Amino acid sequence: MTIEEKIKEIAKSEPFGHMSYVFEDWYGADAALSRTTLPAIIAILPVSGTIRVANGRTYDAVDISIAFVDKVARDADGEDNAAVYNRMKAVGVEFIKALNASGYFLPIDGTINYQVLCEQLSDIVTGVMFTIRLQEHGRCLQ
């Protein structure tokens with residue numbers, strides 16, 4: 001399975017199964033949101049990554065952004081936006097824990113950057129985007 005397939009598998013599992021899942025670049029994700037039931041997990045196509053080869057094994061690592069968003073009222077006030085992005089941040093933390101528990105990747109550890117998204121997309125959504133490095137456990141070369 002690819003890294004993207006592994007992320008999707010986790011996104012479709014409990015406790016995230018009630019959320020929609022989108023895997024796109026930013027433009028495609030923005031367009032897809034209008035056809036997507038919210039809340040949603042958005043995995044943005046990796047902008048970069050590395051492949052390391054050692055002892056006949058490959059190690060793929062990607063720098064990926066994963067956003068957790070939900071609908072808010074147009075021109076929502078600070079308290080309404082804060083309630084949504086804090087709820088989505090908590091979901092994001094649980095998702096990162098699920099990534100770690102999956103055994104697919106080396107543990108995500110240390111400081112993790114996130115950005116609050118408030119009404120920055122075409123649809124009126126608020127949420128949190130985490131930027132993380134996912135590194136697979138080594139796979140044998142074929």
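Quantities reported herein were computed from a predicted structural model and do not represent experimental measurements. Throughout, residue positions are numbered sequentially from 1 according to the sequence presented.
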Flag the pair [X] / [Y] as yes when at least one side-chain heavy-atom distance between them is below 4.5 Å, and no otherwise.
X    : Y    : value
V128 : V91  : no
V69  : T126 : no
P39  : K71  : no

Are M1 and I41 co-members of a hydrophobic cluster defined by side-chain heavy atoms under 4.5 Å apart?
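Linked within one cluster.
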Working to the nearest 0.5 Å, report the span between [atom1] of [X] and [atom2] of [Y].
X    : Y    : atom1 : atom2 : result
L134 : E4   : CG    : CD    : 9.5 Å
S48  : R133 : OG    : CZ    : 6.5 Å
L106 : E136 : CG    : CD    : 9.5 Å
E5   : F23  : CD    : CZ    : 9.5 Å
I66  : I7   : CD1   : CD1   : 4.5 Å
Q135 : I108 : CD    : CD1   : 11.0 Å

So which heavy atom on [X] is nearest to which on [Y], and how close?
X    : Y   : value
A40  : L38 : CB-CD2, 3.7 Å
I10  : F16 : O-CD1, 3.6 Å
M129 : S65 : SD-CB, 3.7 Å
E24  : A29 : CB-N, 3.4 Å

Between D30 and W26 (side chain of the first, backbone of the second, donor and acceptor by atom type, cut-off under 3.5 Å), is there such a pair?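 Absent.
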message: My understanding is that only one of I3, D60, I132 makes a side chain to side chain contact (heavy atoms under 4.5 Å, CB included) with F105; could you say which?
response: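 Testing each of I3, D60, I132 against F105, the sole residue satisfying side chain to side chain contact (heavy atoms under 4.5 Å, CB included) is I3.
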Side chains of T131 and N113: is there a donor and an acceptor less than 3.5 Å apart?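 No pair is found: no donor N or O on one side chain lies under 3.5 Å from an acceptor on the other.
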Fill in: Over 12 non-hydrogen atoms of neighbours within 6.0 angstrom of CZ in F130
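Atom CZ in F130 is packed in, count exceeds 12.
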Please test Y21 against K12 for side-chain hydrogen bond (donor to acceptor under 3.5 Å, both in side chains), starting from the C-alpha separation and ending with a verdict.
CA-CA 8 Å; Y21 177 76; K12 294 295 184 179; over 6 Å; no
Please determine whether salt bridge (charged side-chain N to carboxylate O under 4.0 Å, His left out) holds for the pair K6 and E9, giving the CA-CA distance in whole Å, both sets of side-chain angles, and the decisive distance to 0.1 Å. CA-CA 5 Å; K6 292 172 182 175; E9 179 182 291; over 6 Å; no
